[in-house]
Amino acid sequence: MNEHLELLITLQDLDRELDCLGEKKAGILREIESLGENLGNAQRKVERIKARRVERTKERKKKELEIESSKEALEKVQAKLPAINNNREYTALLKEIETDKAKISSLEDIVLDLMELLEEEDTRLKESQNLLAQVEEEHQKEKAKKKIEIDRLDGVLEEKTKRREKTAAPMEKRLYQNYTRLRQARKGLAVVPVSNGACRGCHISIPLQTINEIRKNEEIITCAGCSRILHWVL
């Protein structure tokens with residue numbers, strides 16, 4: 001077999017292996033990123049519940065202060081009753097008292113509702129924190145597994161890359177540049193075998209005379225259709 005053609009075939013095989021390994025590594029990195037998104041979602045859920053609890057606690061305290069203020073105002077109004085001798089003023093004062101009592105009752109209902117909501121939030125917070133703990137544990141386990149796989153792939157990639165460099169080193173500069181250009185233009189496939197009388201890259205039929213030349217694997221012959229370098233599988 002032609003020495004340069006043999007190097008090209010070996011280089012193509014190594015590049016395809018490197019491409020596959022690179023894609024596999026990229027897939028694992030995407031999985032790690034997805035794990036991070038799941039963890040982030042669980043963390044944000046806990047933070048949202050905490051934020052709601054803070055706001056509702058503030059609202060509850062605000063309403064409780066309003067109740068205290070309203071009760072003090074009511075006591076002051078009620079204290080005036082014994083000193084009132086005018087029926088009209090007495091009636092107006094009673095109406096004011098009823099209004100204050102209704103306001104206090106309404107505020108107390110709001111406080112009770114807020115307390116119920118806070119209890120529900122406490123339950124949701126506990127559930128979300130438990131879920132977050134599970135997600136964090138799973139995240140660490142899966143991340144550790146995938147880190148081991150990434151390290152293994154990096155080792156293989158390093159070994160294959162060194163082999164590639166060693167294979168490419170003795171190649172003529174023009175030939176290597178042409179191979180690189182073809183790989184970029186043909187989706188990573190620059191060197192292909194002939195199969196059933198056609199180029200395996202673009203599937204165009206090859207003349208019988210050319211096939212006979214390709215069978216020898218003694219020359220660099222390119223496809224008339226896609227310009228890929230052709231060879232015969234022995």
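Nothing here was measured: the structure is a model prediction, and the numbers come from that model.
In the displayed structure, Lys103 atom NZ is contacted under 6.0 Å by at most 12 heavy atoms of other residues, nucleotides or ligands. With a 6.0 Å radius and a threshold of 12 heavy atoms from other residues, nucleotides or ligands, Asp151 has its CG atom above the threshold.
Residues Leu107 and Ser70 have side chains in contact (heavy-atom distance under 4.5 Å, counting atoms from C-beta outward). For the pair Glu159 and Arg163, the minimum side-chain heavy-atom distance is below 4.5 Å. Side-chain atoms of Gln43 and Leu132, non-hydrogen and from C-beta on, do get closer than 4.5 Å to each other. Contact annotation: the side chain of Val194 never approaches that of Cys199 to less than 4.5 Å [non-hydrogen atoms, C-beta and beyond]. By the 4.5 Å heavy-atom criterion applied to side chains, Ile220 and Ile229 are counted as neighbours. Counting only heavy atoms from C-beta outward, the side chains of Arg124 and Lys45 never approach each other to under 4.5 Å.
A donor-acceptor pair under 3.5 Å is formed between the side chain of Gln12 and the backbone N or O of Ala190. Distance alone, capped at 3.5 Å, places no donor-acceptor pair between the Thr210 side chain and the Ile206 backbone. In this structure, Asn217 contributes its side chain and His231 its backbone to no donor-acceptor pair below 3.5 Å. Panel note: side chain Ser106, backbone Ala102; no donor-acceptor pair is recorded below 3.5 Å. No side-chain donor-acceptor contact under 3.5 Å links Asn178 to the backbone of Arg174.
Nearest approach of Pro193 to Val233, heavy atoms of both residues: CB-CG2, 3.5 Å. Of all heavy-atom pairs spanning Cys223 and Cys202, the tightest one is SG-SG, 3.5 Å.
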### Query
Can Glu31 and Leu35 be said to form a side chain to side chain contact (heavy atoms under 4.5 Å, CB included), step by step?
CA-CA 6 Å; Glu31 289 173 4; Leu35 287 172; 5.7 Å; no

### Query
How far apart are the C-alpha atoms of Asn38 and Glu138, what are their side-chain angles, what is the distance that settles it, and do they pass the side chain to side chain contact (heavy atoms under 4.5 Å, CB included) test?
CA-CA 10 Å; Asn38 292 337; Glu138 186 66 21; over 6 Å; no

### Task
Might you work through the salt bridge (charged side-chain N to carboxylate O under 4.0 Å, His left out) test for Lys71 and Glu75, ending with a clear yes or no?
CA-CA 6 Å; Lys71 284 182 176 180; Glu75 288 175 0; over 6 Å; no

#### Entry: Audit row: Arg152, Glu149, salt bridge (charged side-chain N to carboxylate O under 4.0 Å, His left out) steps and yes/no
CA-CA 5 Å; Arg152 188 191 69 80; Glu149 182 63 13; 2.9 Å; yes

### Query
Could you go step by step and tell me if Met1 and Ile9 meet the side chain to side chain contact (heavy atoms under 4.5 Å, CB included) rule?
CA-CA 11 Å; Met1 178 180 284; Ile9 294 169; 3.9 Å; yes

### Message
Apply salt bridge (charged side-chain N to carboxylate O under 4.0 Å, His left out) to residues Lys216 and Glu213 and explain how you reach the verdict.
### Response
CA-CA 6 Å; Lys216 299 175 185 177; Glu213 291 300 316; 3.5 Å; yes

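Under a 4.0 Å N-O distance rule, the pair Glu64/Arg60 qualifies as a salt bridge. Using a 4.0 Å cut-off between charged nitrogen and carboxylate oxygen, Lys160 and Glu17 count as a salt-bridge pair. Of the charged side-chain nitrogens involved, none lies within less than 4.0 Å of a carboxylate oxygen, so that Asp122 and Lys126 do not count as a salt-bridged pair.
Tyr90 and Asn85 are not linked by any side-chain donor-acceptor pair at a separation below 3.5 angstrom, with hydrogens and angles left out of the test.
Residues passing the side-chain hydrogen bond (donor to acceptor under 3.5 Å, both in side chains) test with Arg228, sequence neighbours excluded: none.
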